[in-house]
Amino acid sequence: MNLMDVINIECTLDSGQVFLWYKRGGSYYIICSENVVRIEPSYEQLVHESKPRYVSVERLFRLDDDTHVINHSIGDKDALIGEAVKRFKGLRIMRQDPFQCLISFICATNTRIVRVRHMLEGICKRFGNKVEFDGLTFHTFPSPKALQDASINDLVDCGLGYRARFVKYAVHSYLDMDVKSLLDGSYDEVRDILLSIDGVGNKVADCIMLFSLEKLEAFPIDVWIWRVIAKYYRHLVGMDMDEARKLSPNMYRRASSIMRGYFGRYAGYAQQYLYCYARAYMYDDDTNTYNK
DNA sequence: CGCCAGGGGCCGT
DNA sequence: ACGGCCCATGGC
């Protein structure tokens, strides 16, 4: 069995779900909370090492998910998702730390991925720990407690702009939360809790639930997924050409709910495949670019 | 419900 | 150089 059929590291890391990772000399280094994980892709097994503590890559890359079952469950729905599953075979949804995920996606509002990385690197450099690994220097992601004394100005200095106040409040909200209830709660319960955090809206809540809180049915809709829905699933969602132009909060709820019902309990995987498909093949009519 | 700000970097012109 | 736009959200 070829490991690449089960997991494609580069495709997974480059699919917009995680921001703090680096490719150096054929190896991948991923910042997971206060640890750095090194992955060396091989055809037989995932060779890995982490510092300063052990991190389970089986957990991190959700190797407990049965991709055969999942890919059939979503891939058999229609030709488009079938094609996306085929082309991006090995794409996994990662199991991130909820706190890092929360802060990451608050930073990821209304900006580009490269800038999100700059913001998070700033936070790591200022509030995280320095870790030497293979002669390389990394700064790990701070714990909630390490970030709780950060001022809005500190965060602005990290390049967060107006997001600084949202992040500051989110740190304190998170410290007041029972993380276990976030993991155990239903999709609707957890979404409502997350939406109570200032700076967390529908899309960010869905990302946090899918990428860190075990809610594989969550179907985040960003601009790329919205283009996919507008072009291929417009009738399924039941909207006319005019409604497809802009994504209102109400339409987000409706579209996300319908896509969740359509793809089922693994809708989040479908979303991730469609995101990769859109970014690779769909043309942006508004800006006349592929926007890669 | 619709419009607008908020920041900084990147992209096309 | 320069304006428009971003893996959205909250406020009005």
Hey, any chance [X] and [Y] share a hydrophobic cluster, counting ILVMFWY side chains that come within less than 4.5 Å of each other, even indirectly?
X	Y	result
A/F141	A/I113	yes
A/Y162	A/I106	yes
A/L195	A/I208	no
A/I221	A/V223	yes

Within the 4.0 Å heavy-atom criterion, would you say [X] contacts the bases, only the backbone, or no part of the nucleic acid?
X	answer
A/V116	nothing
A/Y252	nothing
A/Q17	base
A/V200	sugar-phosphate
A/I197	sugar-phosphate
A/S104	nothing

[atom1] of [X] versus [atom2] of [N]: gap in Å, rounded?
X	N	atom1	atom2	result
A/R117	C/dC6	CZ	C1'	15 Å
A/W226	C/dA8	CH2	C1'	14 Å
A/N250	B/dG2	CG	P	10 Å
A/D222	C/dA8	CG	C1'	10 Å
A/Y275	C/dC6	OH	P	13 Å
A/K246	C/dC5	NZ	P	10 Å
A/D242	B/dC1	CG	C1'	14 Å
A/L194	C/dT9	CG	P	12 Å

(message) If you define the side chain from C-beta out and look only at heavy atoms, does anything of A/W226 sit under 4.5 Å from A/K246?
(response) no
(message) Checking the side chain of A/R92 only, and the main-chain atoms of A/V6 only, is there a donor and an acceptor separated by less than 3.5 Å?
(response) yes
(request) Give a yes or no on whether the backbone of A/Q100 and the side-chain of A/S104 come within a donor-acceptor separation of less than 3.5 Å. (result) yes
(message) The side chain of A/K203 is closest to which nucleotide in this list: C/dT9, C/dC6, B/dC1?
(response) C/dT9
(request) Counting heavy atoms from C-beta on, name the nucleotide in B/dG9, C/dG10, C/dA8 closest to the side chain of A/F166. (result) C/dG10
(message) Please give the stem ranges for DNA chain C, sorted by first residue number, where a stem is three or more consecutive Watson-Crick or G-U pairs and both donor-acceptor distances are under 3.5 Å.
(response) B:2-5 with C:9-12, B:8-13 with C:1-6
(request) Tell me whether the OP1 or OP2 atom of C/dT9 has a side-chain N or O from A/N110 closer than 4.0 Å. (result) no
(message) Reading DNA chain B from 5' onward, which residue's closest nucleotide shows up sooner: A/T111 or A/V114?
(response) A/T111
(request) For A/R165 and for A/V18, locate the closest nucleotide of DNA chain C by heavy-atom distance; then report the residue assigned to the nucleotide nearer the 5' terminus. (result) A/V18
(request) Could you check A/G199 against A/S15 and say which one's nearest nucleotide on DNA chain C is further toward the 5' end? (result) A/S15
(message) Taking B/dG9 as the reference, what is the distance to C/dT9 when you measure between their P atoms (whole Å, please)?
(response) 23 Å
(message) Are A/F133 and A/Y29, when compared by the centres of their aromatic rings, separated by less than 6.0 Å?
(response) yes
